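Data block below; observations after.
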Protein chains: 2
Amino acid sequence: MANLMTEMLKGTLEGIVLQILSGQPAYGYEITARLRANGFTDIAEGTIYALLIRIEKRGLVDVDKRPSEKGPPRKVYSLNALGQDYLNEFWRTWSFLAEHLDQLRNGGSR
Amino acid sequence: MANLMTEMLKGTLEGIVLQILSGQPAYGYEITARLRANGFTDIAEGTIYALLIRIEKRGLVDVDKRPSEKGPPRKVYSLNALGQDYLNEFWRTWSFLAEHLDQLRNGGSR
DNA sequence: ACTGGTAGATAGTAGCACTAAGTACCGGAG
DNA sequence: CTCCGGTACTTAGTGCTACTATCTACCAGT
């Protein structure tokens, strides 16, 4: 059975990660941990890595590889100008959706 | 380039349609028209029909076929008890997501 | 030597919205 | 009478996204 949250995250998870990166640069493992701390306990690690590669290919983030004291080198992602534009667009779309859903929920379907 | 809204609708469009049906029974064409009137101008007709068939197969709605004065017979969908449960669950999930996104947006990522 | 925590990559799967094309029915314009 | 436009529904195929599962790699402590 498909999970409701799984489907709802499609499209929004990307914005969530970009928003996190807009605060400060971060690497994958850190982002996953931050998400979990933030209540999104069920998001798989692999999902985040795949997403990061995707937004990197789209040129929304810059990457800086630096050695870690523990384990393999980290890939530190930071939001660039294009990413910021995309993030703004994301929030505009989200606001539209959230507004209309609220409206629909409160009987305002007429 | 993938549309932001398209991806964001995944998972939520289903809830939107169920919410519309919770007010009163409706048929596909009508639902499409209502969505368009509600600001969702870019939702394709085919999408709604596919979605309706899906939720019918899952047993979330009951179907009543009745002749139309214009064109082929309408398939009138109405929300049943299982659908209502699912809708409640949908709103709970949505609220969680909306809350956490708001929190994240207002610098509350720490 | 082994376990556990840190860090990332990837092949395969399922679900969803979209595109595009079609069927079917009817009324009115030409 | 034929054609067009509006109503109403169907369906095959596509692309994108999150998930599962598994793998590599590095290091510290026992």
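Quantities reported herein were computed from a predicted structural model and do not represent experimental measurements. Just so it is clear: chains get the letters A, B, ... in the order the sequence lines come, proteins before strands, and each one is counted from 1.
The residue A:Leu52 sits apart from the nucleic acid: no heavy atom pair falls under 4.0 Å. Among the heavy atoms of the strands lying under 4.0 Å from A:Gly28 are primed sugar atoms or P, OP1, OP2 only; no base atom is included. B:Glu14 comes within 4.0 angstrom of sugar-phosphate atoms only, judged by non-hydrogen atoms across all strands, and of no base. Contacts of B:Glu45 with the nucleic acid, taken as non-hydrogen atoms under 4.0 Å apart, include base atoms.
Taking side-chain N and O atoms only, A:Thr47 has a distance below 4.0 Å to OP1 or OP2 of D:dC19. Between B:Tyr49 and D:dA8 there is no side-chain N or O to OP1 or OP2 distance below 4.0 Å. The phosphate of C:dC16 has OP1 or OP2 within less than 4.0 Å of a side-chain N or O from B:Arg58. Not one side-chain nitrogen or oxygen of B:Tyr27 sits closer than 4.0 Å to the OP1 or OP2 atom of D:dC9. Proximity of A:Tyr29 to the phosphate of C:dT6: a side-chain N or O atom is located under 4.0 Å from OP1 or OP2. The phosphate of C:dC16 (OP1 or OP2) has a side-chain N or O of B:Arg54 nearer than 4.0 angstrom.
Protein atom CG of B:Leu9 is 16 Å distant from nucleotide atom C1' of C:dT19, rounded to whole Å. When rounded to the nearest whole Å, the span between CD1 of B:Ile43 and C1' of C:dC16 equals 13 Å. We find that CZ of B:Arg36 is positioned 11 Å from P of D:dT7, with the value rounded to whole Å. Rounded to whole Å, atom P of C:dA9 lies 12 Å from atom CD1 of A:Ile31. One can place CG of B:Leu51 at 15 Å from P of D:dT11, the figure rounded to the nearest angstrom. Summarising the geometry, the separation between NZ on A:Lys75 and P on C:dT10 is reported as 9 Å, rounded to the nearest angstrom. The separation between B:Arg74 atom CZ and C:dA24 atom C1' is 15 Å, rounded to whole Å. Distance CE (B:Met5) to C1' (D:dC16): 17 Å, rounded to an integer number of Å.
For the pair B:Asn38 (side chain) and B:Phe40 (backbone), a donor-acceptor distance under 3.5 Å is absent. The main-chain N or O of A:Ile43 is found under 3.5 Å from a side-chain atom of A:Arg36 such that the two form a donor-acceptor pair.
For a distance-only test at 3.5 Å, the side chain of A:Lys10 fails to qualify as a donor-acceptor partner of the base of D:dC16. With hydrogens and angles left out, the side chain of B:Lys70 and the base of D:dT7 share no donor-acceptor pair within 3.5 Å.
Enclosure of atom CG in B:Asp42 is not indicated, since only 12 or fewer non-hydrogen atoms of other residues, nucleotides or ligands lie within 6.0 angstrom.
Checking B:Asn88 against B:Gln84 by side-chain atom types alone, a donor-acceptor pair falls below 3.5 Å. A:Glu45 and A:Tyr29 share no donor-acceptor pair across their side chains, judged by distance under 3.5 Å alone.
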